[in-house]
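First the proteins, then the strands, lettered A, B, ... as listed; each starts at 1.
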Amino acid sequence: MGLLSDPNRRRALISLLTRLNTPICIVCYMAGVAWFMGLAFEPFTLRTYMSENAMGSTMVEERFPAGERALATGREFSAHKKRTGGMPVEWLMKTMQAKGLEVFTQRFSRTLPFPDENKERYMVRGTNVYGILRAPRAPRTEALVLSAPCSPGDNNNQAVGLLLGLAEYFRNQIYWAKDIIFLVNEHDLIGMQAWLEGYHHTNTTGMDWSPLQGRGGSIQAALSLELSSDIITSLDLVLEGLNGQLPNLDLANLFYAFCQKIGVLCTIQGKLQRNDWDSVSGYSHAVQTMMLMVMKQASGRPWGDHGLFLRYHIEAATIKGVNSFRQYKTDATTIGRLLEGMYRKLNNLLERLHQSYFFYLMPSLSHFVSIGYYMPAFGLLAVILLLRALDLWVQLSTPPQRTEDGSSPGVLSLLTPLVISHLTGVALYMLPIRFQEMAVEHFPVSETEAVVLTAIAVYTLLSPGTEQGWRVLKLVAVLYLAVLLGCTALINFSLGFILALTLVPVAAFVTPHVPKVLSAFILVILSPACTLLFSVFFFQELQEMPISFQDGWLLFLSVISQGILDHSLYGSLVYPLITLLVYPCWLLFWNILFWN
Amino acid sequence: MAAHRCSFSAVLFALWGLSLLTVARGQEATLEGNDRTAVVDNPESVAGAAEQAAGQPAAEDRRWEATAVEEVSPTEAGGGSDSPAPKPAASPPSVPRPKDDFQEELVIRPLHSGDIYTSFQFRTLWETDFTRENKVSHYRLFPKSLGQVISKFSVRELHISFTQGYWRTMQWGQPYLPSPPGAELWVWFQDSLTDVDGTWKELTNVLSGIFCASLNFIDSTNTVQPSASFKPLGIGNVTDHRFLRYATLPREIVCTENLTPWKKLLPCGSKAGLAVLLKSEKLFHSSFHSQAVHIRPVCKDDQCKTTSWELRQTLNVVFDLHNSGQGKNEWSLFKMFSRTLTEACPVASSSKIYIDITDNSQGEQFELSPATPLLSQAVVLGDRRTFSVYDLTQQITFGTMRSLNLLIRGKSSQGDMLRPLLHAERYVAGYGLQTGEIHTLMYNNHPYRSFPVLLLDSVPWYLRLYIHTLTVTSKGKDNKPSYIHYQPSKDRVRPHLLEMLVQLPPNSVTEVTLQFERALLKWTEYTPDPNHGFYVGSSVISSLVPSIVAMDTNNSRERPLFSSFFPSKEESSYFVRVYTEPLLVNLPTPDFSMPYNVICLTCTVVAVGYGSLYNLLTRSFQIEEPSPGLAKRIANIIRKMRGVPPL
């Protein structure tokens with residue numbers, strides 16, 4: 001800091017930064033991207049390790065024998081499900097009771113803001129059934145949850161069967177120290193949301209549910225099981241939850257450790273781990289895995305039933321059985337043993353999982369990138385904004401050549417674009433659902449978008465201003481963006497980083513003096529909506545399921561409607577963030593471009 | 001206002017009085033009950049035991065009780081169902097009454113859920129006065145360690161329980177002796193005592209040593225003085241709650257090291273009598289385990305001129321059908337305790353096993369072998385129960401094998417829930433680490449009667465209760481408590497105490513909600529495992545519940561019509577104490593695993609970053625001209641005098 005308190009040296013430093021501003025910014029951007037890409041390179045990442053002592057050293061023996069019986073129960077469940085055309089509540093209650101659980105039900109109903117076209121539902125009404133295995137000699141203070149969704153069609157019957165089989169086996173063991181709650185939830189996430197809200201007696205999303213009759217104290221960890229075939233080839237672990245929250249890394253470690261021990265193939269993002277990290281294909285495999293995680297996390301939606309637990313500080317993950325064409329097959333008994341082992345270790349926990357990381361990225365199941373390693377990538381992007389801000393500040397503070405009108409810009413000229421762009425954001429936030437009430441048939445994203453864009457175009461052509469004025473506006477906009485992205489990246493790194501990748505270049509280059517048409521084109525390409533469109537294509541590409549532009553566009557529209565649904569059903573924050581903050585910020589830059 | 005206060009104090013007093021009178025739950029006798037056993041002087045006979053169990057409080061009810069409590073014993077038909085005269089051979093009438101007396105008893109109740117409930121009670125009665133200075137030195141049956149505690153700390157009444165597990169009211173019904181998970185201790189001191197708090201502190205430390213438990217963690221931050229919920233169970237009329245101390249340790253783990261000292265208090269140890277069954281490897285292979293010690297003064301005789309001291313040791317265990325029965329509903333003493341009985345404790349004046357066969361009059365629920373001809377009836381928890389009785393002092397009980405191994409073979413087990421008349425649960429609502437809400441639900445499942453309950457909540461200071469958010473609602477309507485006693489907490493000194501008298505409407509759920517804020521503790525105040533969370537002890541709900549017998553207005557089974565029109569007092573309601581589950585609350589916890597990093601980072605930020613930034617922002621910098629030479633200064637002075645601008 002001595003550097004800055006000496007005026008001469010300070011001047012030299014500032015002049016260096018302003019003179020070399022553009023090259024430094026370019027270098028920072030490149031470095032940021034390069035750093036991010038380097039994260040997937042195995043020698044740069046850490047191996048995962050179990051941090052929690054209570055789960056690390058204790059050995060457990062898995063003895064679950066009744067996989068076949070569980071599958072038979074699953075078939076019975078499926079038959080009853082077909083007969084009742086939904087959740088077979090009576091049968092489930094009877095079965096759970098026969099296995100010695102305390103059984104309770106919860107009814108819930110919810111009307112969506114507009115029909116969900118993907119899952120074809122609008123008025124949702126259902127029942128959750130859960131049975132509590134009371135731990136012997138435990139005072140009902142702690143609980144673990146095992147859940148399986150009751151899905152429409154032939155899905156997840158095996159998961160419910162295995163859940164009931166495990167319940168029966170667990171009930172006969174004496175070693176439980178925590179109550180275990182076996183939950184079969186209807187209407188996947190909506191049922192789960194209802195159950196969790198009922199359990200914690202909160203109501204964040206305006207759902208109707210009947211209060212729960214039985215509880216097991218504070219839930220320490222939860223697993224959600226999805227299994228749709230009798231024999232599986234691998235198990236996939238899903239971690240990404242609501243708003244990009246992740247469970248403690250120890251939960252992933254636990255899963256990985258048991259897969260290794262029992263000999264089950266395990267994947268993350270559907271990708272097996274590869275050992276040839278030094279080859280190009282091995283590296284790109286790791287990049288793909290990591291990018292999939294980044295994209296999923298950035299979407300801010302729960303990617304499995306576990307995703308809603310994270311809000312309540314309950315570590316949770318979804319385990320999905322995958323049946324592909326691989327040779328290596330695993331039967332239900334083995335999966336049961338794996339779950340038994342995991343639950344016994346979770347049962348050993350003395351404290352909540354807290355030892356390991358909560359912020360991480362996983363290029364493979366055995367390696368992770370912690371927050372200390374990935375944050376610099378974002379930092380390098382964010383520093384560009386600060387450098388531009390510094391540059392503008394210096395330009396503003398040097399006395400202007402009073403050639404033309406030397407009046408400094410009024411507060412009003414600055415406030416007008418800010419207010420108008422935010423009002424546009426509010427309109428964008430409100431309109432889709434408001435419009436929906438008028439036109440019920442389909443979701444009117446494109447109309448809304450068109451309306452809003454027209455409004456902007458009209459508004460921008462009218463805005464007057466001075467040379468000084470746009471600088472002040474840009475300074476405010478750049479700092480606004482820096483704060484916005486910084487906060488976003490702290491909560492949801494992936495979202496912050498993707499937004500920074502596209503918005504930082506915009507923020508850096510836009511002035512009223514660049515070629516208007518070309519810049520406008522670039523600005524539109526790098527707008528949040530187009531970022532989402534590209535992400536959709538990119539995500540499909542990563543999943544090795546490329547789609548045509550037409551399908552991509554449809555998918556893009558459905559992603560937007562899903563985003564709005566996630567917001568109103570589960571309280572996902574991505575949609576309000578984009579419409580209320582990011583979009584207005586982008587509009588400010590649009591405004592600067594068309595500054596007269 | 002005064003009238004209002006009067007009315008609720010009257011209600012309180014009435015409740016207290018009734019609780020005193022009818023506190024006799026199951027086998028627990030009140031002072032009057034004892035009183036009569038002393039008069040009847042026949043604790044060995046079945047009728048006497050039944051009477052004692054029924055716990056009739058008033059003399060004028062005796063006749064009625066004689067009709068209600070029927071003796072169905074063909075073998076002892078000659079013996080008196082009513083007459084107090086006959087005595088079994090074990091205690092001949094010629095022997096002068098000993099000054100102390102020991103009884104042991106085991107109640108086995110096959111539960112609705114297929115589990116089995118076993119309740120041991122050991123009662124030592126001693127006619128002595130501990131309050132006299134240093135007079136008591138010769139101990140026979142009464143344990144010396146406890147006798148000394150009573151005299152040294154001026155204890156009038158002492159109740160201590162250690163419980164591992166939670167009593168599942170919805171599956172098991174009401175327990176004979178309720179207790180909260182963890183350790184609970186409540187003590188009434190003599191009103192002559194001056195320094196109650198100091199004595200309490202010493203007493204807890206001594207008890208901690210006697211029972212090998214962490215009772216020494218009881219201090220002012222978890223001790224309260226309930227104003228209404230805990231009244232003396234023995235004789236005495238001092239109810240000033242300044243002499244009462246109540247504390248719970250919900251986190252206390254109960255295991256063999258607590259059982260062994262408890263067993264040592266028994267006159268026979270675990271060598272003979274029912275206590276041979278108390279093998280820890282089996283007792284702790286169960287769903288519920290609760291052991292307790294109750295000491296109280298009781299009347300010596302009818303006149304109640306002098307008092308004797310009663311020590312009651314109880315042990316309640318529930319064995320789990322699924323864990324130990326392998327799904328087969330078949331129980332035997334050997335299977336439960338891995339021991340059989342061969343003799344009674346030689347010093348015991350009575351040694352009996354009761355088996356609850358109320359729901360099994362035709363043998364439809366379970367089979368019992370060997371069969372016993374002795375039956376007994378008692379009103380327990382407001383319900384008339386029938387018991388098969390095995391008298392261990394009779395040699396014939398052990399049969400030819402010289403050992404008694406009771407076998408209970410269950411026919412079926414239903415998994416559905418019970419609907420106990422009074423039932424409560426509690427949970428923490430909300431999420432996040434800043435605030436939360438405690439919900440207490442109280443269920444009154446009585447179809448048409450409402451009754452008042454006393455709710456006692458003792459919440460540690462680190463949950464800062466917002467008492468203005470207290471709401472009591474039943475059936476969607478506001479339910480105003482008629483009595484509220486609230487003592488706010490003081491940080492690090494004392495907990496919150498909230499006592500309320502709430503009327504529960506019939507067939508309803510009453511919800512009490514209270515918001516709180518989670519305090520940030522000092523870093524040395526966290527426990528070694530702070531992420532486990534912090535415990536809040538059970539709330540205590542005490543009530544006089546209308547009994548099932550009184551509910552059954554069509555009951556003409558065993559009662560003459562003339563006796564059943566007006567509900568008689570002791571049967572119309574009975575005292576129940578219900579404990580809710582303790583709560584586990586997470587407080588905001590710093591990351592203790594990286595204090596070094598935190599300290600380094602904080603220090604760096606403060607010292608380097610903040611310091612210099614502050615410096616830069618607040619100081620104004622200007623370039624200082626080097627001071628001019630002497631010649632120049634003189635020249636300037638001259639130029640100034642001349643009126644021209646300086647150089």
inquiry  = Between B/Asn586 and A/His313, does the side chain to side chain contact (heavy atoms under 4.5 Å, CB included) criterion hold? Intermediate values first, please.
reply    = CA-CA 10 Å; B/Asn586 278 84; A/His313 194 12; 5.6 Å; no

request  = Could you label the plane-to-plane angle of the B/Tyr431 and A/Tyr312 rings as parallel, tilted or perpendicular, counting under 30° as parallel and over 60° as perpendicular?
outcome  = perpendicular

inquiry  = Quick check on A/Glu90: does its CD atom have over 12 non-hydrogen neighbours (other residues, nucleotides or ligands) under 6.0 Å away?
reply    = no

key: B/Gln434, CD: over 12 other non-hydrogen atoms inside 6.0 angstrom   = no

ask   = So do B/Glu581 and A/Pro139 actually touch side chain to side chain, heavy atoms under 4.5 Å?
value = no

query = More than 12 foreign heavy atoms under 6.0 Å from CH2 of A/Trp91: is that the case here?
reply = yes

query = With distance as the sole test, does A/Arg137 use its side chain to make a donor-acceptor pair with the main-chain N or O of B/Phe284 at under 3.5 Å?
reply = yes

key: Distance (rounded to the nearest 0.5 Å) between A/Leu350 CG and B/Asn531 CG   = 11.5 Å

ask   = Under 4.5 Å between any side-chain heavy atoms of B/His285 and A/Pro136, yes or no?
value = no

query = Given a strict heavy-atom distance threshold of 4.5 Å, which part of A/Thr202 is in contact with chain B: side chain, backbone, both, or neither?
reply = side chain

ask   = Minimum heavy-atom separation for A/His201 to B/Ala429, with atom names?
value = CB-CB, 3.5 Å

ask   = If you round to the nearest 0.5 Å, how far is NE2 of B/His532 from CD of A/Gln220?
value = 7.0 Å

Enclosure of A/Phe358 CZ (heavy-atom neighbours >12, cutoff 6.0 Å) = yes

message = So for B/Pro530, is it side chain, backbone, both, or neither that comes closer than 4.5 Å to the heavy atoms of chain A?
response = both

ask   = So with a 6.0 Å cut-off around CZ of A/Arg69, is the heavy-atom count from everything else above 12?
value = no

A/Tyr175, part contacting chain B, at a heavy-atom distance under 4.5 Å = neither

ask   = So what's closer than 4.5 Å to chain A heavy atoms on B/Arg168: side chain, backbone, both or neither?
value = both

message = Which heavy atom of B/Tyr166 sits nearest to which heavy atom of A/Arg140, and what is that distance?
response = CD2-NE, 3.3 Å

inquiry  = Among A/Gly214, A/Ala138, A/Ser218, which residue has the highest count of heavy-atom pairs closer than 4.5 Å to chain B?
reply    = A/Ala138

query = How many angstroms lie between CD in A/Glu102 and OG in B/Ser113, if you round to the nearest 0.5 Å?
reply = 9.0 Å

request  = Test side chain to side chain contact (heavy atoms under 4.5 Å, CB included) on B/His439 and A/Arg215 and set out the steps.
outcome  = CA-CA 12 Å; B/His439 286 238; A/Arg215 286 184 173 74; over 6 Å; no

ask   = Less than 4.5 Å apart, any side-chain heavy atom of A/Arg171 and any of B/Asp320?
value = yes

request  = Not counting sequence neighbours, list each pair that qualifies as a salt bridge (Lys or Arg N to Asp or Glu O under 4.0 Å) and has a residue in residues 193-204 of chain A.
outcome  = none

Residues that B/His423 engages under side-chain contact (heavy atoms from CB on, under 4.5 Å), provided they are two or more places apart = B/Thr169, B/Met170, B/Pro420, B/Glu425, B/Tyr443

ask   = If you tally heavy-atom pairs under 4.5 Å against chain B, which of A/Met96, A/Lys94, A/Arg352 wins?
value = A/Arg352

